[in-house]
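Input: a single structure, listed below in structure tokens.
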Amino acid sequence: MKNLYCILLAALFALPACTKTDIIPFTPETGNQLLEYKIVNVQGSPIYGAISQPDSSITVYLPFYLQLITLEPEIKVSEGATVTPASGTMIEDLPELFHKGREIKYNVKGKDGKVKTYTLHIQVQQPDLTLEEVSTDPANPNTYSINMDLDFDSFSFGLNGAGFAPDLDLIRVMLVDEQNKEYGPLNISTFNTTDLTRLDFTVIRYKEQSDPILAMLPADGLYRIRVYSYAKMATTKNPIRIHLLNKK
């Protein structure tokens, strides 16, 4: 009997302790819900978006290696509901969307006329973009000059960094003045396309074939360099000086 009591006591202490369980409230499906969102203009399996009904949001995670410029979504909604923009409506110019923060929303209208609005969030799994300073001393910025009275003149400089997209069409480089106004884009040299750690630029003055940025810039100014690389953006901290001699 004593042995039986010991066994029962040991079994009692071996039972797991009670733990607190978080209960997620059940959200009943309404007639105006977005139920499935997937990107289909990719090779292989589509990319499914994560839908949050409480937040009315859709989050799509894009692998950087795809470097998609447009997205073709297929959308499934509640039975009898309609969605605007419609399923299959292309999302154009992704780099512009990333750089300017254009919002994309979907309105799902149920049979009862009630509308629920979802916001699309696109997250690109892209390495960070980092830039090395062209001017190492902010008090003495590197100066680049062009004589606007000459038929031909030019200046060149390079920018080292990491995280540049391998496709130059996905990179846009701007000059940013002290009021944060952008000028550009700068023409990126196509002679060095195998080194993904450096961008080279040449600005040319040659009569009517001069680089358009020369008409945008004032005669003298300090500019930081801003790089947009697909979904990422970075700006140098130290400025460079550009001096356009004899500009009228």
Side-chain angles (χ1 to χ4, degrees), residues 24-25 27-43 45-131 163-165 167-177 179-186 224-235:
I24 300 174
T27 304
E29 182 178 331
T30 60
N32 58 354
Q33 286 191 349
L34 194 152
L35 303 178
E36 184 179 87
Y37 189 97
K38 61 184 179 181
I39 304 300
V40 297
N41 60 320
V42 292
Q43 291 185 345
S45 302
I47 299 172
Y48 284 84
I51 300 171
S52 171
Q53 299 296 351
D55 295 338
S56 299
S57 66
I58 314 153
T59 303
V60 173
Y61 296 91
L62 291 182
F64 176 53
Y65 66 83
L66 292 177
Q67 296 174 22
L68 296 173
I69 301 299
T70 60
L71 300 180
E72 182 182 356
E74 280 191 4
I75 304 170
K76 184 185 295 184
V77 296
S78 301
E79 184 178 355
T82 58
V83 59
T84 307
S87 177
T89 301
M90 302 293 285
I91 300 172
E92 306 282 354
D93 198 356
L94 284 186
E96 189 267 350
L97 182 150
F98 298 140
H99 302 163
K100 296 186 178 180
R102 185 175 83 240
E103 273 197 335
I104 296 178
K105 294 182 178 292
Y106 292 92
N107 296 316
V108 181
K109 185 177 182 180
K111 290 186 291 186
D112 58 1
K114 293 182 179 179
V115 176
K116 184 174 183 179
T117 300
Y118 292 79
T119 301
L120 176 65
H121 304 282
I122 302 174
Q123 302 289 336
V124 181
Q125 298 163 318
Q126 178 177 352
D128 287 337
L129 176 63
T130 59
L131 307 177
F164 298 137
D167 184 353
L168 294 182
D169 289 336
L170 300 178
I171 301 176
R172 193 162 55 100
V173 183
M174 312 294 287
L175 297 175
V176 185
D177 69 11
Q179 288 72 47
N180 205 39
K181 179 180 178 181
E182 292 185 345
Y183 299 85
L186 287 169
R224 292 174 297 140
I225 304 166
R226 179 167 294 164
V227 178
Y228 295 95
S229 177
Y230 196 54
K232 297 285 187 176
M233 185 271 284
T235 308

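Residue indices begin at 1 and follow the sequence shown.
- Interatomic distance, CG of Leu120 versus CD1 of Ile51, reported as 10.5 Å (0.5 Å rounding).
- Side-chain contact annotation: Asp128 with Thr130, donor-acceptor N/O pair under 3.5 Å absent.
- Not counting sequence neighbours, Lys76 has no partner by the salt bridge (charged side-chain N to carboxylate O under 4.0 Å, His left out) test.
- With Val108 as the fixed residue, the side-chain contact (heavy atoms from CB on, under 4.5 Å) test singles out one of Val115, Leu35, Asn32: Asn32.
- Of the inter-residue distances, the one linking Thr89 atom OG1 with Ile104 atom CD1 reads 10.5 Å to the nearest 0.5 angstrom.
- At least one donor-acceptor pair under 3.5 Å links the side chain of Ser78 to the backbone N or O of Gln33.
- The distance from atom CG of Leu66 to atom CG of Asn41, rounded to the nearest 0.5 Å, is 9.5 Å.
- Between Val227 and Phe164, the closest side-chain pair of non-hydrogen atoms falls below 4.5 Å.
- In summary, the side chains of Tyr118 and Tyr37 do not present any donor paired with an acceptor at a separation below 3.5 Å, with no hydrogens or angles considered.
- Looking at heavy atoms from C-beta onward, Thr82 lies out of side-chain contact with Val77 at the 4.5 angstrom threshold.
- Across all their heavy atoms, Gly88 and Glu72 have their closest contact at O-CG, 4.1 Å.
- Rounded to the nearest 0.5 angstrom, Lys38 NZ and Ile75 CD1 are separated by 11.5 Å.
- Leu97 places a side-chain heavy atom less than 4.5 Å from the side chain of Ile91.
- Heavy atoms only, all atoms of each residue included: Leu186 and Leu175 are closest at CD1-CD2, 3.9 Å.
- Looking at every heavy atom in both residues, Ser56 comes nearest to Lys116 through OG-CE, 3.2 Å.
- Within the model, atoms CZ of Phe64 and CD of Gln125 stand 11.5 Å from one another, a figure rounded to the nearest 0.5 Å.
- Residue Tyr106 forms a side-chain contact (heavy atoms from CB on, under 4.5 Å) with just one option from Thr84, Thr119, Ile58, Thr117, and that option is Ile58.
- Considering all non-hydrogen atoms of both residues, Ala165 and Ser229 come closest at N-OG, 2.9 Å.
- For Gln126 (side chain) and Ala231 (main-chain N/O), a donor-acceptor pair under 3.5 Å exists by modelled atom type.
- When side chains are defined from C-beta on, Leu71 counts as touching Leu62, because their heavy atoms get closer than 4.5 Å.
- Atom CG of Leu170 is separated from atom CZ of Phe98 by 10.0 Å, given to the nearest 0.5 angstrom.
- Between Tyr230 and Gln67, the shortest heavy-atom contact is OH-C, 3.6 Å.
- Contact between Arg226 and Val176 at its shortest, heavy atoms only, is CB-CG2, 3.6 Å.
- Lys114 has its side chain out of reach of Thr30: every pair of non-hydrogen atoms, C-beta onward, lies at least 4.5 Å apart.
- Contact check for Asp93 versus Lys100: no side-chain heavy atoms found under the 4.5 Å cut-off.
- For the pair Pro63/Ile47, a side-chain contact is recorded, criterion being any heavy-atom separation below 4.5 Å from C-beta on.
- Two residues are said to be in side-chain contact when any heavy atoms from C-beta on lie closer than 4.5 Å; Ile39 and Pro46 fail this criterion.
- Other residues, nucleotides and ligands contribute only 12 or fewer heavy atoms inside 6.0 Å of the NZ atom of Lys109.
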